[in-house]
Amino acid sequence: TQTISLPEPTRAGYTFSGWQKVTPSDTNITVSGTTLTIQNKAYSNISLKATWTGVTYDITFNANGGVAVNTTTYTTQETANSINLPSTTREGYTFKGWSITANSKPNASTLTGSIPTTLNIPANDYGAISVSAIWEIESYTINFDEEGGNTVNNITANYGADITLPTPTYTGYTFLGWYDGDNGTGNKITWTTMPDLGNNQSTTNLHAKWTINVYTISVTPISSEVGTVTGGGDYAHFSTCTISVSINDANFTYQGIKDIDSGQIVTTEKSYTFEVTGPRKFEIAFLNKYDIYTKSNIMSDITNGDGKYTYGTNATVTAEIADTRFSFVEWRVNGNKVSGNIEYTFTVTGETTLEAIYEFNYTTYQIDHIADMYWLAERVNNGYDFAGVTFHLTRDLDFSNVTDQTWTTIGNSTTKFAGTFQGNGYTLSNTGTDITIFNNPTGTITNVYTSGNITLGATQDTDLGLKD
């Protein structure tokens with residue numbers, strides 16, 4: 001028996017599995033692996049055939065950002081082989097098949113199909129294969145429903161591109177954002193990049209959400225002395241606001257309702273109704289009314305023009321020459337001259353008392369009658385003190401028919417007689433009710449007698465006493 005160790009050949013893509021006897025059929029000649037055994041008496045030419053086992057290689061997948069695909073394998077074989085490769089997915093992209101990575105494919109392996117996923121491996125091709133996913137970025141469109149607002153442009157962009165959602169406007173409303181439900185319901189959308197909206201060229205609709213604006217209408221309060229005003233508060237856009245005013249017309253002059261921002265009076269009526277389209281501020285325009293008083297230093301009821309006047313308007317006061325024994329001199333306010341005209345017009349700025357000042361036309365004057373004493377009393381008590389004037393009593397005067405209800409003492413707490421009363425030795429008498437002629441005059445009382453129920457009310461320069 002003869003044993004021969006056979007050589008071990010190599011082949012790319014295969015593993016040597018051993019030799020196989022082809023001829024002869026003599027059973028005394030056997031082959032096992034790489035050992036040839038020849039029994040005694042065997043003789044013949046021997047033909048051997050190598051046997052091969054294909055090598056298994058990996059097919060690895062680069063998903064290029066998509067979902068990973070597990071490695072698969074193929075085995076080298078004597079005939080062509082076709083393998084259907086799996087597909088994968090990627091957000092925002094459409095899978096377009098696989099490509100064989102450069103420098104990794106053996107021989108002439110190819111990928112075919114409208115979307116290349118069929119790997120064609122020729123007979124006897126061998127080696128590891130790497131494939132990479134092919135992707136096409138998807139484009140989407142966002143449509144906007146403005147829900148009453150101004151029209152905005154739809155957005156078409158590739159997945160992942162930077163986008164800016166538009167901000168529409170709607171008169172009277174504030175934009176709250178975009179939502180995925182009708183009329184601003186559902187989820188609020190704040191995308192800054194284009195999201196995956198599904199298949200390529202997919203669209204989605206977003207809806208504007210609005211809230212109506214609310215504005216403050218403010219009205220400057222007025223004091224209860226002036227009146228009342230209503231209508232201020234918070235109002236929705238397009239609503240109606242009414243401002244109503246009540247004014248104390250006796251003391252104030254109503255001008256109207258004034259818009260503070262524009263400075264314009266919007267109405268001179270006491271009610272103003274308008275549609276609210278924004279915040280506004282109002283105040284009530286009015287002017288004070290002031291009392292104007294007149295008087296004179298000689299008598300009442302000879303000056304005119306008293307009354308209530310609106311601030312800033314003109315008032316005219318006039319004085320009369322009701323007693324020709326006096327001449328008009330001037331108008332005074334608080335003791336100061338304001339005009340020398342008997343008719344005086346001025347602008348009212350506050351409560352004012354004007355006094356008409358008169359001057360007596362004589363330096364001496366005769367007292368002939370009881371009526372002259374009444375006249376003297378009235379003039380002094382109205383403010384004229386007759387300083388520098390001498391009155392001469394020309395005869396006795398009887399006050400018996402005069403009562404303390406009709407007689408007024410010459411002089412009061414405000415004005416004292418400051419002239420000279422020369423009695424010339426005549427008598428003032430009275431058998432009726434007690435009366436007093438003077439009230440502590442500052443002038444001179446001289447040479448006058450009194451008789452009966454009468455009091456002079458003054459100290460004489462010459463004490464004549466009482467006449468019986």
Side-chain angles (χ1 to χ4, degrees), residues 171-172 212-297 300-320 328 330-357 383 414:
T171 300
I212 194 164
N213 294 338
V214 175
Y215 308 109
T216 296
I217 306 300
S218 61
V219 183
T220 302
I222 56 177
S223 70
S224 58
E225 177 187 4
V226 176
T228 60
V229 58
T230 60
D234 293 331
Y235 292 84
H237 196 103
F238 304 119
S239 64
T240 298
C241 173
T242 297
I243 299 173
S244 299
V245 185
S246 174
I247 290 289
N248 176 1
D249 294 318
N251 294 320
F252 302 91
T253 297
Y254 177 70
Q255 294 180 294
I257 298 172
K258 182 178 181 180
D259 186 299
I260 293 176
D261 290 331
S262 69
Q264 301 298 312
I265 290 179
V266 296
T267 182
T268 57
E269 302 295 326
K270 292 183 178 179
S271 180
Y272 177 51
T273 299
F274 61 97
E275 182 181 76
V276 176
T277 58
R280 297 183 73 180
K281 296 181 289 184
F282 296 95
E283 64 183 4
I284 307 307
F286 62 90
L287 296 173
N288 288 14
K289 288 183 179 179
Y290 293 106
D291 287 311
I292 301 300
Y293 301 100
T294 64
K295 65 179 181 177
S296 78
N297 65 337
S300 59
D301 300 327
I302 63 170
T303 56
N304 304 291
D306 297 66
K308 283 187 176 294
Y309 292 82
T310 300
Y311 177 89
T313 60
N314 290 338
T316 299
V317 294
T318 59
E320 300 175 10
F328 175 79
E330 63 190 21
W331 286 101
R332 292 179 183 174
V333 174
N334 297 324
N336 299 309
K337 178 182 177 179
V338 292
S339 176
N341 297 324
I342 199 166
E343 181 178 282
Y344 171 47
T345 299
F346 62 97
T347 300
V348 175
T349 58
E351 183 175 302
T352 307
T353 298
L354 299 102
E355 183 177 18
I357 302 301
T414 302

Original post:
Below 4.0 angstrom, N of the basic side chain to O of the carboxylate: do D261 and R280 qualify?
Top reply: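 Salt bridge between D261 and R280, a charged N being under 4.0 Å from a carboxylate O: no.
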Query raised in the report: Less than 4.0 Å between a side-chain N and a carboxylate O, is that true for K258 and E283?
Result: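 Salt bridge between E283 and K258, a charged N being under 4.0 Å from a carboxylate O: yes.
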Checklist line | V229/F282 under side-chain contact (heavy atoms from CB on, under 4.5 Å): CA gap, chis, key distance, verdict | finding: CA-CA 11 Å; V229 58; F282 296 95; over 6 Å; no
So do the side chains of [X] and [Y] get within less than 4.5 Å of each other, counting heavy atoms only?
X	Y	result
I284	I247	yes
V317	T303	no
F274	I217	yes
T318	I342	no
T310	V348	no
N304	T294	no
V338	F346	no

Rounded to the nearest 0.5 Å, how far does [atom2] of [Y] lie from [atom1] of [X]?
X	Y	atom1	atom2	value
E355	N334	CD	CG	10.5 Å
N288	T349	CG	OG1	11.0 Å
Y293	T352	OH	OG1	10.5 Å
N297	I357	CG	CD1	4.0 Å
T353	D306	OG1	CG	9.0 Å
N314	Y309	CG	OH	10.0 Å

Return the minimal non-hydrogen interatomic distance between [X] and [Y], and the atom names on each side.
X	Y	result
F238	T171	CZ-O, 3.5 Å
K281	S218	CG-OG, 3.1 Å
I212	G172	CG1-O, 3.5 Å
G231	C241	O-SG, 3.4 Å
G350	I292	O-CD1, 3.9 Å
T228	I222	N-CD1, 3.6 Å

*Is a side-chain donor or acceptor of K289 paired with a backbone partner of D249 at a separation under 3.5 angstrom?*
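Side chain of K289 to backbone of D249, a donor-acceptor pair under 3.5 Å: yes, one is there.
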Next item on the list: Measure from the side-chain N and O atoms of W331 to the backbone N and O of G340, and report whether any donor-acceptor pair falls under 3.5 Å.
Entry: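 Absent.
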Just checking [X]: does its [atom1] atom have more than 12 heavy atoms from other residues, nucleotides or ligands closer to it than 6.0 angstrom?
X	atom1	result
Q255	CD	yes
Y311	OH	no
E269	CD	no
D301	CG	no
K308	NZ	yes
K295	NZ	no

Q: Check the angle between the aromatic planes of F286 and F252 and answer parallel, tilted or perpendicular using the 30° and 60° thresholds.
A: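 Ring orientation, 0 to 90° scale: perpendicular.
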### Message
Quick one, Y272 with V245, criterion side-chain contact (heavy atoms from CB on, under 4.5 Å). Give me CA distance, side-chain angles, the key distance, then yes/no.
### Response
CA-CA 9 Å; Y272 177 51; V245 185; over 6 Å; no
side-chain contact (heavy atoms from CB on, under 4.5 Å) evaluation trace for T277 with Y215:
CA-CA 8 Å; T277 58; Y215 308 109; 5.7 Å; no
